[in-house]
Protein chains: 2
Amino acid sequence: MTQKQNQKKLTSIEKALEIMLKFQGKKISWGIRELGGELGFSPATVQRILQVLKSYEFVRQDPNTRQYFIGNVFYRFIETLHHSNRLTAIGRKFMEEVTANTRETVHLNIMEGDLRICIDSIESSQVLKAGMPIGNQSPLYAGASAKCLLAFSNDEYKNEYFKKTKLLPVTENTIVDPAQLKTEIKKIKGQGYAISLGERTPGLGSLSAPVFDYKGMIQASLSLAIPEIRIKQKDHLSTCIQILTSAANKFSKALGLAH
Amino acid sequence: MTQKQNQKKLTSIEKALEIMLKFQGKKISWGIRELGGELGFSPATVQRILQVLKSYEFVRQDPNTRQYFIGNVFYRFIETLHHSNRLTAIGRKFMEEVTANTRETVHLNIMEGDLRICIDSIESSQVLKAGMPIGNQSPLYAGASAKCLLAFSNDEYKNEYFKKTKLLPVTENTIVDPAQLKTEIKKIKGQGYAISLGERTPGLGSLSAPVFDYKGMIQASLSLAIPEIRIKQKDHLSTCIQILTSAANKFSKALGLAH
DNA sequence: AACGGTGTTTCGACATGTGGAACACTTGGG
DNA sequence: CCCAAGTGTTCCACATGTCGAAACACCGTT
């Protein structure tokens, strides 16, 4: 929420953070007046803040186009993100168990605001395999791993999400009808896991189970990425569902004990 | 450089960035007074800045220990980092070529301040393989991929680095004698690539070649991670050296054309 | 040459940030 | 149980930093 959006006066640190947050997402480069227009800050303010961010390498400026981009200093945080996150520390062994027993790629995803982001993965050992890199993100309505997070969120969050989110297709299989999405979310909640086929990537199936903390709050989704040809094999799918939901349950219990 | 270190008065945005930068590196959690002591800020100032960072999820606070950790919002930047970096965009095809022709894991590394950080990787297709995740970092004196970056830096940077850097061992194979390191760096510069064995990870060899921009400035190192048993095979090593240096040269030329 | 943009700089006006001190709380030792 | 030694958090008088309209310099296009 920016000064422009909610008219609340922002401190200079808040302004700097708002500017930084513009460097994630689809638009990868910005000019001074573009940022100023987008955020409701004057060009002089944007300029001054960007100079500070630049001196610390939180942004960099292309000398030719003079546009600003995300800075390389963010690379420094990747290792720490991984090491300091107890979800990845505790979850690794359950992920190893799942991928060993299903021979499919396994991911760990979290909810970051209104996005799903992959924070860990172990690739399948098979020749035909699916998967995505750490850091991969999507809206909460596209794909099983995302919808799983949404389905097991509390009702307040879900209501707010449905109200404010514009459902844009990611592929032609993405559900974009609000009533249909709500029905799907309710179904996921009921059966305890999510399945999708081609909602984010054509030819790719996804199976996802929720991971909770000791209070029953959704923390993550544990997911399998399964090529279409294998997710259509009923026996394989049944086996995967059983192994994944079992591991997610054990993961949830382990989080509770680690509290 | 902090207020404490160089006595220059910092603006509040600079203070916030200094605090954020403490959340990368070996120490993953901080208390208010720890940070204040480390940075020379009063506890009230640290508290106030951390509350802002917390509200934007740049940090999070463990409710039990009350310690502060890096926040999940940094996950949002991973994808953008990758997409906006022309080194990874241009370099991918050369990396694919190298790994196809050597059948070893290939990495792309950059210099980030006084660190080497891996920003892209393609794993070997072999059963016995070596490698590290994106975001992996090390000092510039440990391992071929890091030493390669150091060796081909300008003399001013090298002199400053040797002056201020304390050489602590990463493994028992890490070179920690300053004179020996300088000799090694000079040798790498002369032969045009770097080789190391077990300086960061026991049993793992590394081979690295420099990538330059159109001005001849070092931009990255292209590296192979090779298990010890294979790096000791002279024919395989010769082949790898030839393929890697050739690809790095083509990569450098491609960067120049993309200017 | 003129126009319509850009990034950058200036500086008087004004708003915000600072940090010493105190508070509330926790932990551990005697 | 008491005390010491920490922690995180809050307060507020005071100090100083930030703001943004306007202008400048530059670039690309017509």
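For the numbers below, each heavy atom of this structure counts, side chains included, while hydrogens, waters and symmetry mates do not. Protein chains get the first letters and strands the later ones, always in sequence-line order, with residue 1 at the start of each.
- In the displayed structure, B/K27 atom NZ is contacted under 6.0 Å by more than 12 heavy atoms of other residues, nucleotides or ligands.
- Across D/dG8, D/dT9, C/dT8, the shortest atom-to-atom separation from the side chain of B/Q67 is found for D/dG8.
- Within the nucleic acid shown, A/R66 comes within 4.0 Å of sugar-phosphate atoms alone, with no base atom in reach, counting heavy atoms only.
- For A/S42, counting side-chain heavy atoms from C-beta on, the closest listed nucleotide (D/dT9, D/dT18, D/dG20) is D/dG20.
- A distance of 6.0 Å or more separates the ring centres of B/F23 and B/F69.
- Checked options B/Q51, B/K22, B/K54; the residue passing with B/V59 is B/K54 (criterion: side-chain contact (heavy atoms from CB on, under 4.5 Å)).
- Using cut-offs of 30° and 60° for the angle between ring planes, the A/F77 and A/F58 rings count as tilted.
- Taking the C1' atoms of five terminal pairs at each end of the helix from C/dA1-D/dT30 to C/dG30-D/dC1, the two resulting helix axes are inclined by 40°, rounded to 10°.
- Across all strands, B/Q61 comes closer than 4.0 Å only to sugar-phosphate atoms, never to a base (heavy-atom distances).
- In this structure, A/I19 places its CD1 atom 13 Å from P of D/dT18, rounding to the nearest Å.
- Rounded to a whole Å, the CG atom of B/N64 is 18 Å from the P atom of C/dC25.
- With hydrogens and angles ignored, a donor-acceptor pair closer than 3.5 Å exists between the side chain of B/R33 and the base of D/dG8.
- In this structure, of C/dT18, D/dT9, C/dT8, it is C/dT18 that holds the atom nearest to the side chain of B/S12.
- With a 4.5 Å cut-off on side-chain heavy atoms, A/I117 and A/N136 do not count as touching.
- The base of C/dG17 is not paired with the side chain of B/R48 by any donor and acceptor separated by under 3.5 Å.
- Atom-to-atom, CG of A/L50 to C1' of C/dG7 comes out at 11 Å; the value is rounded to the nearest Å.
- Closest-nucleotide positions on DNA chain C for A/I13 and A/Y68 were compared, and the one nearer the 5' end corresponds to A/Y68.
- In this structure, of C/dG17, C/dG7, D/dT10, it is C/dG7 that holds the atom nearest to the side chain of A/Q47.
- One atom, CG of A/L39, and another, P of D/dC19, lie 13 Å apart when rounded to the nearest Å.
- The distance between atom CD of B/E38 and atom P of D/dT7, rounded to the nearest whole Å, is 14 Å.
- Side-chain contact check for A/Q137 versus B/Y75: every heavy-atom pair is 4.5 Å or farther apart.
- Counting to the nearest Å, the C1' atom of D/dT16 and the CG atom of B/L10 are 14 Å from each other.
- Under a 3.5 Å cut-off, the side chain of B/H107 and the backbone N or O of B/M132 do form a donor-acceptor pair.
- Put simply, B/T11 has no side-chain N or O that comes within less than 4.0 Å of OP1 or OP2 on D/dG17.
- Contact annotation: the side chain of A/L17 never approaches that of B/V73 to less than 4.5 Å [non-hydrogen atoms, C-beta and beyond].
- A straight line from CZ of B/F69 to P of D/dG8 spans 12 Å, rounded to a whole angstrom.
- At D/dG20, one or more side-chain N or O atoms of A/K15 fall inside 4.0 Å of OP1 or OP2 (strictly under the cut-off).
- Separating the CD atom of A/E14 from the C1' atom of D/dC19 is a distance of 16 Å, rounded to the nearest angstrom.
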